There are 2 protein chains.
Amino acid sequence: MQQEDRTSGRPRDVSADAALKSAALGLVRARGYGKVSIAAIVAAAGVARQTLYNRWSSKAELVLDAVFEEVGRYAAAPIGDDGTSAAEQLEAFLVQVFAHLEEDGETLRAIIAAAQEDADFQRLFRERFVLPREAMVTDLLRRAQARGEIGPARDPEMLSAMIHGAFWYRMLNGFALDKGLARAIRDEVFRP
Amino acid sequence: MQQEDRTSGRPRDVSADAALKSAALGLVRARGYGKVSIAAIVAAAGVARQTLYNRWSSKAELVLDAVFEEVGRYAAAPIGDDGTSAAEQLEAFLVQVFAHLEEDGETLRAIIAAAQEDADFQRLFRERFVLPREAMVTDLLRRAQARGEIGPARDPEMLSAMIHGAFWYRMLNGFALDKGLARAIRDEVFRP
DNA sequence: TTGAATAATGGACTGCATTCTATTAATTGC
DNA sequence: GCAATTAATAGAATGCAGTCCATTATTCAA
């Protein structure tokens with residue numbers, strides 16, 4: 001996914017990008033990542049197989065673009081520091097994340113799986129998806145620390161990894177992510 | 001992997017089990033999970049492909065048996081409650097786990113990936129591998145709570161998920177698991 | 001000794017992601 | 001128009017997991 005305005009040669013058909021992402025998004029949400037073949041995606045998009053591979057280097061990359069650019073807006077903006085307590089902000093953030101994962105959790109699990117088999121894709125996923133979300137929570141915790149809502153000895157980076165880790169761990173082991181979990185994480189982080 | 005002492009029929013060749021596990025263990029450690037094919041495993045074991053599938057239903061199941069039965073001993077026994085503090089016991093446990101994952105971490109990552117694509121295998125892995133290890137840490141934390149090393153308001157189950165989650169999350173995103181991480185987790189759990 | 005039951009074997013088969021190849025199409029600079 | 005360049009296309013080829021099949025082997029019970 002990059003271009004450099006070449007001086008000659010046939011130009012890319014820009015509509016193919018959108019057609020492929022849209023086809024991938026629709027099919028993956030309808031049937032699930034594992035049940036969607038490359039053949040089905042290119043057929044739905046009306047392009048040749050190689051056209052897909054000219055743009056993305058794997059099914060996982062295309063789906064990461066398709067599903068999580070759409071959804072990239074979820075939790076893409078920093079967590080708003082409204083008047084509420086950091087505890088409430090964290091819980092609200094988790095509830096929002098879990099709600100989105102009701103729709104796309106299966107896809108995220110497939111993406112995480114793909115990242116374990118492809119180091120390049122792991123890096124891409126980490127930089128584009130994982131670290132920004134981790135940083136949002138780290139920032140929230142730093143603000144909380146500055147305001148005294150958590151003690152000065154706490155480690156916001158470690159805590160952020162433990163928070164994300166907790167629901168990754170639950171999700172990857174087949175447990176549902178519900179409001180009870182969001183509350184339990186909040187309580188454990190902001191304990192008395 | 002089960003038998004019921006049938007009353008007739010050709011008996012299983014018991015040596016094939018060991019040959020397959022040994023071949024899988026050796027090949028996966030030497031080349032890495034993704035680079036080992038079923039064809040290579042059965043060739044090394046000197047049996048037919050179907051003989052493998054008579055015993056395990058996928059490459060992931062065989063490797064889970066092969067690598068983590070061998071290694072099942074790591075952290076398979078409850079964490080010894082020696083005289084040391086629970087904080088020290090937790091850190092020692094994590095250091096031991098991380099040391100083993102230097103050898104088999106890549107395989108564990110592949111197993112977790114496989115579990116995301118196969119619900120039956122996910123259940124098997126969870127029951128046989130994940131939950132027992134989670135319970136060990138939960139027990140440790142309960143003992144610590146009974147002795148007052150952590151406050152009565154803490155939630156040992158949630159904490160255990162956060163501890164395991166933290167290193168799963170780090171591992172699955174390509175970070176090394178070192179002594180510093182073990183120490184940081186310990187400090188965050190047993191904070192002042 | 002024979003039949004029923006189950007295992008082992010070699011090889012064929014299916015479905016899939018990804019790569020490769022040859023051909024045709026669109027563009028720029030001349 | 002023409003050469004050079006890059007894209008799109010259809011389809012073949014590769015490599016692999018998992019399944020299916022026909023044949024042969026081993027055991028038990030009658």
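All chains are named by letter (A, B, ...) in the order of the sequence lines, taking the proteins before the strands, and each is independently numbered beginning at 1. The basis for the numbers below is simple: all heavy atoms, side chains too, and nothing from hydrogens, waters or symmetry mates. What you see is a predicted model, and the numbers here were worked out from it, not measured in a lab.
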Handout entry: Contact pattern, 5' to 3', of nucleotides 8-21 of chain D - B, S or - by protein heavy atom under 4.0 Å
Key = SBS------SBBB-
Exercise for the section: Quick one: list whatever passes side-chain contact (heavy atoms from CB on, under 4.5 Å) with Ser58(A), sequence neighbours left out. Expected result: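 With neighbours one apart ignored, the set is Ala60(A), Glu61(A).
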Practice task
May I ask you to check whether Phe167(A) and Phe98(A) place their ring centres under 6.0 Å from each other?
Solution key: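 Distance test on ring centres: under 6.0 Å, yes.
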Exercise for the section: Kindly confirm or rule out a cation-pi arrangement of Arg126(A) over Phe121(A), judged by NZ or CZ under 6.0 Å from the six-membered ring centre and within 45° of its axis? Expected result: no
Handout entry: Gln89(A) versus Asp82(A), side-chain donor and acceptor atoms under 3.5 Å
Key =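 Yes, side-chain donor-acceptor contact under 3.5 Å.
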Exercise for the section: Specify the separation, in whole Å, of atom CG of Leu62(A) and atom P of dA17(C). Expected result: 12 Å
Exercise for the section: Provide, to the nearest angstrom, the distance between the CH2 atom belonging to Trp56(A) and the C1' atom belonging to dT18(C). Expected result: 16 Å
Exercise for the section: Would you mind listing every salt bridge (Lys or Arg N to Asp or Glu O under 4.0 Å) that reaches into residues 159-179 of chain A, with sequence neighbours excluded? Expected result: Arg170(A)-Glu134(B)
